[in-house]
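Notes follow once the structure below has been shown.
Both counts, for ligands and for their atoms, begin at 1 and track the order of listing. It should be emphasised that the depicted structure is a prediction, and the values quoted were computed from it without experimental measurement.
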Amino acid sequence: MIENYGEYPRINSGGVEGQVDAAVAPRFAGRATFARLPEIRDVQDYDVALVGLPFDSGTTFRSGARFGPNHVRDSSRLMRPFNVALETTPFTDVQVADAGDVALTPFDPAKAVADMQVAAERLTEGGRRLVALGGDHTLSLPMLRAAAKQHGPVTLVHFDAHLDTVESILGCEINHGTPFYRASVEGLINTETSAHVGVRGSFYDPSDLENDVKAGFKIFPAHDLAEGRLSDMIASLHERVGDSPVYLSIDIDVLEPGIAPGTGTPELGGLLGRELLAIIRSFLGKDVIGGDVVEVSPAYDHAQITGLAAAHVVYEMVSVIAENHRRGLWNRAGIDVPAVASL
Ligand SMILES: [Mn+2]
């Protein structure tokens with residue numbers, strides 16, 4: 001038996017298993033879970049889980065997001081315990097754990113979508129909160145199906161260069177351009193309060209916008225931010241959202257391609273990192289029931305630029321969910337940790 005791999009102690013607090021302590025084990029060493037958090041099998045219970053959904057058979061252009069979850073994990077080694085902007089310590093306030101990747105077939109989208117929903121339902125049992133690492137945007141459909149079963153129709157705040165509300169593409173209804181059309185038709189989302197943020201680029205036809213309104217969205221386009229009206233946009237977004245339960249879906253292509261090149265369908269003129277982070281932080285005090293960060297495609301990335309951006313975005317989302325829990329905005333019943341097949 002080989003021993004002496006070195007020490008990987010965690011930063012623990014009040015029964016919460018936190019990150020591997022970088023003061024003892026350097027950040028570049030050891031396995032990459034998200035932010036060096038414990039795996040789900042290493043904790044008795046958890047409040048918030050991260051799960052990898054390495055599925056990209058729904059991509060219309062450049063594929064490769066199936067490699068996204070592990071790229072984001074490896075890019076998240078620099079996430080430190082204290083969130084400066086929020087003044088919170090998300091990984092010791094609540095138990096956050098990495099649930100690993102769900103084993104998904106690349107050959108059968110319907111089966112993969114069904115398997116993703118089963119995993120999401122099990123991981124959110126008892127009101128636990130879940131953030132998915134993609135994978136392409138198809139995964140938001142099973143995530144929302146699971147969320148709606150528990151919470152009813154949720155407010156979807158969707159950050160993306162694109163609408164993703166097309167009815168079908170190339171004769172197929174399940175892909176990364178259709179999840180929010182399907183979510184609307186299936187009654188998974190609140191059509192009075194949902195919104196897109198960061199939309200831009202070129203569409204097939206002006207009717208895409210009309211169909212999007214019918215699907216129940218208000219659009220906050222990226223070019224509205226070009227004149228420095230971020231606070232106005234945030235105020236207007238929250239006027240739309242109100243106090244309803246919110247699911248945050250973040251396609252990394254919402255960011256300017258220069259700061260997130262590793263994605264399948266980049267469009268010039270995107271949000272800056274500080275803008276996206278500020279909008280996520282604005283959901284502090286709102287009932288964020290979960291979310292996803294999708295479309296990170298490492299083969300098109302350079303120097304981990306996109307992976308780092310995604311890791312920061314996930315960190316901010318988890319920080320908001322954790323702080324909301326600490327403030328008593330959401331809670332859950334203490335039940336046994338469900339068994340989830342993960343790789
Ligand atoms: Mn998308």
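The OD2 atom of D160, the Mn ion (ligand 1) and the OD2 atom of D164 define an angle of 80° (nearest 10 degrees).
Between E192 and R240 no salt bridge is recorded (no basic side-chain N to carboxylate O distance below 4.0 Å). A salt bridge does not link D224 to R200: none of the charged side-chain nitrogens sits closer than 4.0 Å to a carboxylate oxygen.
For the Mn ion (ligand 1), the set of nearby N, O or S atoms under 2.8 Å includes one belonging to H137. Counting backbone and side-chain atoms alike, D251 contributes an N/O/S atom closer than 2.8 Å to the Mn ion (ligand 1).
Aromatic ring centroids of H151 and Y247 lie 6.0 Å or more apart.
Relative orientation of the F91 and Y315 rings is perpendicular, given thresholds of 30° and 60° on the angle between their planes.
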